[in-house]
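For this chain, numbers begin at 1 and follow the sequence in order.
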Amino acid sequence: MSATHHPPRAHTFRSVAPVLALCWLAVFFDGMDVNVYGAVMPHMLDDAGLGLTPGTAGSIGSWTTFGMLLGALGAGTLTDWLGRRPVLVGSVLTFSAGSAVCAVAGEPALFGGGRFLAGLGLGGLMPICLSLVMEFAPPRRAALATGLLMTSYHAGGMFATGLGLTLAPALGWRWVFWAGVLPAVVAAPLLLRLLPESPAVLLARGRAAEAYAVAGRYGMARPAAADAPSTGAKGRLGAVLGLFGPGTRWATPLLWVASFCGLMLVYGISTWLPQMMRASGYGLTSSVSFLMIINAGGIVGMLVAGRTADRFGPVRVSAVWFLLTAVGALLLSARLPLGLTYAVVAVTGVWLFSAQVMVYAAADRVYPPAGRATGLGWVTGIGRTGAVAGPWLGGTLAASGDDRLGFLAFALAGLVGAVSVALVPVARRGVGRGVGRARVEAAVTR
């Protein structure tokens, strides 16, 4: 197929809307699956037949995120080799299978195995969708496109909370995990049929005519050879080593630390917020509903952060958002009146989730197009150690009987995340001296 078969189109959000919509759907189910565990945990802890304790529940949450770590680290390399679309579909099928295992599990070990399997699929999904959206997004609108994409994560989280509030009390917590099989039925066929392959990946695999046709169909500029990921085992190894090349040597570990802190906050709070609020004296229904409120705040935050970052730079926005998250966590430890607590939870959600997402947008400014998938895969993958630590830490602190310690730990994570991401432009400026300092600095902070 030749690109001339498609009339030229303007590269706008409208022209790439099908790609954004399909990735939005995939991440919606990601957010649903990640949040469903926290939404039903109070019901699972009350199920004597399952034998789940707070300590075991925290460990299982960490198994989930350990699976995500492995999935994210392998995703960038696998997609450069096999293509974005088949690996994304495989990720959806994998975490749906994990949800089915959880639904039938009769004891914590099998349930944990299901969550680990789900984590493998979930870990691969996010960097693939981020990479696709950043590639297809209109020029200079990558941060807004990333924010729009991640609203779906919180919509999925709200949906999971709704299932926890309605389906779990009526039919039991297992039916909520059966709902997690829906992605295999709904999303996988749509992605396989309608999602285009990355033009850069097509070009790297020698399918230039198809690459140009896809680019023309969506109003994109034709991919250049420099934008295409390297092929073969040597090329994939080179992409990983390139994360520590000139211009990225110090920025890479700073992005990893910021991602660690962000994902520790996201997964720790998503898993333990209902239980921490319940331990603080709030009722079961109110405690679970806080999870819905914080995700609603997250949707607003993504839209605000995306537009703000396109104007002022994702590094600045992420650093400020991390600091505001730390303030929100400290306020939640104060046991405020119910109405005020709802307000604090909502505004904390505005900052919490988009602080992490703007780390991804900052990574897009640091790594070149050919290394984007690998860079994002490792930023999300190494960051998953924070996602492992968050649920484990929440469970450990909950078992200690002092619920305030969890909020204090999350506030500290927000402070460290702010410092780390704020230092990324400093590291890049240091490298840029003598080799185009102004250009390097602008690429990160604009």
Pairs touching residues 111-135 that satisfy salt bridge (charged side-chain N to carboxylate O under 4.0 Å, His left out), sequence neighbours left out: Asp33-Arg115

Give a yes or no on this: more than 12 heavy atoms of other residues, nucleotides or ligands lie within 6.0 Å of atom CZ of Phe66. no

Go through the steps to decide whether Thr325 and Trp351 satisfy the test side-chain hydrogen bond (donor to acceptor under 3.5 Å, both in side chains), and finish with yes or no. CA-CA 6 Å; Thr325 299; Trp351 320 123; over 6 Å; no

Rounded at 0.5 Å granularity, tell me how far CG in Leu148 sits from CE in Met302. 10.5 Å

If the plane angle is over 60° it's perpendicular, under 30° parallel, otherwise tilted; pick one for Tyr218 and Phe136. perpendicular

Partner set under ring-ring contact (aromatic ring centres under 6.0 Å, His included) for Phe159, not counting sequence neighbours: Phe28

By side-chain hydrogen bond (donor to acceptor under 3.5 Å, both in side chains), which residues pair with Thr56, not counting sequence neighbours? Thr53

Could you list all the side-chain hydrogen bond (donor to acceptor under 3.5 Å, both in side chains) pairs where at least one residue sits in residues 85-94, not counting sequence neighbours? none

Considering residues at least two apart in sequence or located in another chain, which fulfil the side-chain contact (heavy atoms from CB on, under 4.5 Å) criterion with Ile299? Thr151, His154, Ala155, Met158

Across all chains, not counting sequence neighbours, the side-chain contact (heavy atoms from CB on, under 4.5 Å) partners of Val379 are Leu255, Trp256, Ser259, Val359, Tyr360, Ala363, Tyr367

Output all residues satisfying ring-ring contact (aromatic ring centres under 6.0 Å, His included) with Tyr153, sequence neighbours left out; order by chain, then residue number. none

My understanding is that only one of Leu191, Val92, Leu125, Leu25 makes a side chain to side chain contact (heavy atoms under 4.5 Å, CB included) with Pro183; could you say which? Val92

How would you list, by chain and number, every residue that makes a side-chain contact (heavy atoms from CB on, under 4.5 Å) with Leu254, sequence neighbours excluded? Leu423, Val424, Ala427

Go through the structure and list residues passing side-chain contact (heavy atoms from CB on, under 4.5 Å) with Val181, not counting sequence neighbours. Ala100, Trp178

Which residue pairs pass the side-chain hydrogen bond (donor to acceptor under 3.5 Å, both in side chains) test with at least one member in residues 120-133, sequence neighbours excluded? none

